[in-house]
Amino acid sequence: MSYSPNDIEKKWQTIWSEKEAFEPLDDKTLEKKYILSMFPFPSGRLHMGHVRNYSIGDAMARYYRKQNYNVLHPIGWDAFGMPAENAAIKHGRHPKDWTYSNIAYMRKELNSLGLSFSETREFATCDELYTKWEQEFIIKMFEEKLLYRESTTVNWCESCHTVLANEQVEEGCCWRCDNEVALKEMPGYYLDIKKYSDELLDDLKLLEGKWPSQVLAMQSNWIGKSQGLEFSFTFSEASKAKLENKFEGFEVFTTRPDTVYGVTYTALAPEHPIVKDLIKNRLLERDIADKITAMGNMTEVERAKAQKEGYDLGITVIHPLTGEEIPVWTANFVLASYGGGAVMSVPTHDERDFEFATKYNLPMKYVISGGEEGSAYTGEGVLINSDELNGMKNTEAKAEIIKLFEAKNVGKGTTNYKLRNWGISRQRYWGAPIPFVHCDACGLVPEKVENLPIALPEDVEITGEGNPLENHPTWSNCACPKCGEKAKRETDTLDTFVQSSWYQFRYATHPNKWESCGIDKEDVNYWLGVDQYIGGIEHAILHLLYARFFTKALRDLGFIENIKEPFENLLTQGMVLMDGSKMSKSKGNTVDPDSLIEKYGADTARLFTLFAAPPQKELEWNDSAVEGAFRFIKKLYDRRTKVTIDTLPTIEQNALNKEEKIARVKVYEALKRSIDVYEKTFAFNTLIAGCMEALNALDKQKNEQVWTEGLYIITHLLEPIIPHVCAEISEELFESKNLTGGKIEILDEVFVQDTITLGVAVNGKRRAEIEVDAEASKEDIIAMAKESIPKWLEGKNVVKEILVPKKMVNLVVK
RNA sequence: GCCCGGGUGGUGGAAUGGUAGACACAGGGGACUUAAAAUCCCCCGGUCAUUGUGACCGUGCCGGUUCGAGUCCGGCUCCGGGUACCA
């Protein structure tokens, strides 16, 4: 019978499902593997990126299952989020209906790929049962002061009508819709991720060698720890009076305390309270005040692109070391959100300060040797113009000056972070409601745990205007959980990244406990950390940082224990490209997995995906290479007729001819390589190539036993990658024996050769090839090598002879 | 600017410091066929010469270490990704 993928694949998918073949076992004494691919957003259809992601994960899961590990390989749905609401606005469909029907369709697509997911552990994050426990965590975080509500300047996306976290702003634009982000003052809920800055940074060390170095670097940069000096500038007496004694001065932070003698002015962010006060009390000229306000209202992108701009505020401060009186400016490049929104300015040793000082003709003073007049010198040198510290290396002066400030009690050594707290409020409908109540008498009150989940109202109008929950006529009406009086429910919903921050623990929790708890500690202790996590690099900061934070926070809240990091090993797969650019609907260069599977079958889709490039690299789509993958499977299936023995034969190696021996070597080389590939490198492309070589070599001989052994091993090796056809062949030929029972023994005798082919090189350049007896002595081999290349030795002396066993001979001649 | 990756045939990609280009795609030639599809066989980095065959060049560029470098080291260069006035 010729290869008919659709029949074979349906048959095996049914068998697997009926046998519940992919359910993890409850026996915690078994060795476990937790293989997790990032769960998908139910957008409607799978795309090739999903196929790739899940083919990689499935190969790992099936491999370990075959090695008798207890394998947890779950799938679920990251189901809340904007697209559901956009669909509602566009097509009038209810987000819930849209989401669940998408899930149903995509689940079918996953089934048709033959992915070995657990069916009992599947959930969608919009399930009320999931929301219930998430809300409990949120309340606990509030009680433990990890979550707070505050009104600050936030990133606002006008097209999504919602606030965004810092991490969700990419180059000043919304991560989802690419709309330019505006700054807006409004209240919101924040998670104190900064509290974990050091732990999040330090624990990156635990992941070295297990996570891609660039992800570690990106997270480290994002946390952005820097050490330096924090000190205050005190206003001059005249300035204090001008400010009606409301301000003593202000704090600044610098990583360059060694340049503190070079400070010639200071600068405040346009939003700084002191600047606002000056404007409010009309202490600045009208047009300057307007310009400063305008500067403060610019978006981050606008500011980044803008020329440096600033204004003298007409007030002065006293230099804490020299006692000099120096002016205070406001400048558009000073960030309000970092280091207190104020800086000391050293134009001689800082590029930005130099540019600004040059523009406004501010004084400059070099305090580190080595620079040239007319530029900022940021290199190393010794201190000059710095009183008693003159002559000291600037690298040493950093610590000295911190000591000096600390001794005088006007400053201290301190650490700053770029990381900002995680804003989790979203002014949208399709999310988990933030379980708080606003009571006139009691203030902000968390909902009673027994009232959870706070579910979304079904009857809702989604127009794209405003917050649907806020617009709902009755939903927000409630009783205060504390005093029982009439109160208002919070109408913000949680950032969807909250759901994906703990789903790895939910999967690990046995489904029969899902009603009674959010996370089961014992189950989690057994299954976590995730042994292999697979997903796109685009989550390098967002999801992966949040999930790491949540893990640490849940641990401190007592919901889990003994777990430092959720994801032990991380593989970031490359994008799927078509004609050099990312597949996307808008470009119209997509390949639809459904039609691919219909035409060639799931095995071909999976084989191509894993063969065309190593998983970490980008994958360039190629229709004819897909054909090639299909051809290989067809050939493999066709060759099963070469086998007439139904069990792994014991082969008398010495009785084999040359071609038969080569075939065996190729087969066993593939077997040898497979361990490294499945457990370490994930270079499935090389394993597949090895199997192709083995099949090619088998084709060059006729020995029935060698064929039997060859197909027994090849289908064993490829089963995690092309499971349906391998299951079919294996059932027909071997009663499926090669797909259970662990590793196949590597027989060393196969690699023993009578003769060995060696390259002969002269001065490192290959000149000939010799075949020598495997037992030949070094002397004999060298002698033979010399005979093979007479013309290269003519009139020369051999000064050195190097024999690389089983590889080559190198003769050094003069 | 800074921080990561990475430059190997026409293409995707292989190579624990040891015969560069495995495996595959595309291309060319042939067998089978009335024909096509499918399948099978052969060739396939460049230059030069050629009777078999051989010589030289060749892993972005320059240099170093080594008997031997795609691989290690130093300096450049180009491409991709991240980040960006973080004081």
Side-chain angles (χ1 to χ4, degrees), chain A residues 2 170-172 212-222 224-226 228-229 252-256 259 266-267 300 303-306 308 331-335 337-346 349-353 355-356 378 416-420 537-538 540-541 572 574-575 577 608 611-614 616-629 631-632 634-635 638 669 676 683 685-696 699 757-769 791 798-813:
Chain A
S2 70
E170 293 171 351
E171 290 178 15
S213 62
Q214 54 169 328
V215 176
L216 297 177
M218 281 162 75
Q219 291 223 350
S220 168
N221 290 339
W222 190 263
K225 183 176 185 170
S226 60
L229 168 70
V252 297
F253 172 75
T254 180
T255 55
R256 294 296 306 275
T259 65
T266 64
E300 282 194 33
R303 276 197 228 193
K305 284 181 194 151
K308 291 210 175 9
N332 63 346
F333 66 91
V334 180
L335 302 176
S337 53
Y338 184 81
V343 295
M344 68 174 210
S345 297
V346 185
H349 302 291
D350 183 285
E351 303 279 0
R352 297 157 300 184
D353 296 345
E355 196 187 325
F356 191 77
T378 55
N416 243 315
Y417 301 86
K418 286 194 215 175
L419 184 68
R420 294 181 223 168
I537 186 87
E538 66 272 19
I541 294 172
T572 49
M575 284 190 302
L577 305 180
F608 167 76
F611 180 58
Q616 298 87 344
K617 277 194 76 168
E618 295 183 331
L619 170 70
E620 177 71 37
W621 192 262
N622 181 333
D623 283 329
S624 46
V626 175
E627 290 272 356
R631 273 202 296 271
F632 171 73
K634 232 172 13 176
K635 183 165 149 185
D638 174 70
E669 271 176 357
D676 237 31
N685 54 328
T686 64
L687 174 61
I688 295 164
C691 290
M692 288 173 170
E693 273 188 77
L695 193 62
N696 291 344
D699 254 337
T757 307
L758 295 175
V760 180
V762 178
N763 293 339
K765 274 187 196 262
R766 182 179 174 276
R767 297 298 176 188
E769 202 173 81
K791 76 177 198 188
V798 176
V799 295
K800 199 164 181 181
E801 297 154 348
I802 292 145
L803 172 66
V804 184
K806 293 177 186 169
K807 299 268 173 159
M808 63 180 302
V809 176
N810 189 17
L811 301 172
V812 184
V813 305

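Throughout, protein chains are lettered first and strands after them, A, B, ... in sequence-line order, and every chain is numbered starting at 1.
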**Report entry** Summary of protein contacts for nucleotides 2-29 of chain B, nucleotide by nucleotide, where a base hit scores B, a sugar-phosphate-only hit scores S (4.0 Å, heavy atoms)
**Finding:** -SSS------SSSS--BB--BBSSS---
**Report entry** Residues which pass ring-ring contact (aromatic ring centres under 6.0 Å, His included) with A:Phe356, listed by chain and number, not counting sequence neighbours
**Finding:** A:Tyr265, A:Trp329, A:Phe333, A:Tyr360
Query raised in the report: What pairs with A:Trp621 under ring-ring contact (aromatic ring centres under 6.0 Å, His included), at least two apart in sequence or on another chain?
Result: A:Phe608
Query raised in the report: Can A:Asp350 and A:Thr259 be said to form a side chain to side chain contact (heavy atoms under 4.5 Å, CB included), step by step?
Result: CA-CA 9 Å; A:Asp350 183 285; A:Thr259 65; over 6 Å; no
Requested in this report: Mind checking A:Val334 for me? I need base, sugar-phosphate or nothing, with any heavy atom below 4.0 Å counting as a touch.
Outcome: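 A:Val334: base contact, heavy atoms under 4.0 Å.
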Query raised in the report: Checking all strands, does A:Ala694 fall into the base, sugar-phosphate, or nothing category for heavy-atom contacts under 4.0 angstrom?
Result: nothing
**Report entry** Student check: side-chain heavy atoms of A:Lys635 and A:Asn696 closer than 4.5 Å
**Finding:** yes
Query raised in the report: Looking at side-chain heavy atoms only, is the closest gap between A:Thr255 and A:Asn416 below 4.5 Å?
Result: no
Query - Secondary structure string for RNA chain B (Watson-Crick or G-U under 3.5 angstrom, | for other-strand pairs) - result: (((((((..(((.....[....))).(((((.......))))).(((((...)))))..(((((..]....))))))))))))....
Query raised in the report: What nucleotide among B:rA87, B:rG82, B:rC67 has an atom nearest to a side-chain atom of A:Met218?
Result: B:rG82
**Report entry** side chain to side chain contact (heavy atoms under 4.5 Å, CB included) between A:Ile541 and A:Asn221, worked out
**Finding:** CA-CA 10 Å; A:Ile541 294 172; A:Asn221 290 339; over 6 Å; no
Query raised in the report: Nearest-Å distance, CG (A:Asn332) to C1' (B:rA87)?
Result: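 That distance rounds to 14 Å.
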Query raised in the report: Whole Å only: how far is the NZ atom of A:Lys800 from the P atom of B:rG68?
Result: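 Rounding to the nearest Å, NZ of A:Lys800 and P of B:rG68 are 9 Å apart.
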Query raised in the report: When rounded to the nearest Å, what value does the distance between P atoms of B:rG17 and B:rC41 take?
Result: 35 Å
Query - Under the side-chain hydrogen bond (donor to acceptor under 3.5 Å, both in side chains) test, residues paired with A:Asn763 that sit two or more places apart - result: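 Counting only residues at least two positions away or on another chain, A:Asn763 forms no side-chain hydrogen bond (donor to acceptor under 3.5 Å, both in side chains).
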**Report entry** Least distance between heavy atoms, A:Asn332 atom then A:Arg303 atom
**Finding:**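 Distance-wise, the nearest heavy atoms are O-CD, 3.6 Å.
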Query raised in the report: Syn versus anti for B:rG27, judged by chi lying within 90° of 0?
Result: anti
Tabulated below should be each protein N or O lying under 3.5 Å from an N or O of nucleotides 51-57 of chain B; please produce it.
residue	atom	partner	partner atom	Å
B:rC56	OP2	A:Arg767	NH1	2.6
B:rC57	OP2	A:Lys765	NZ	3.3

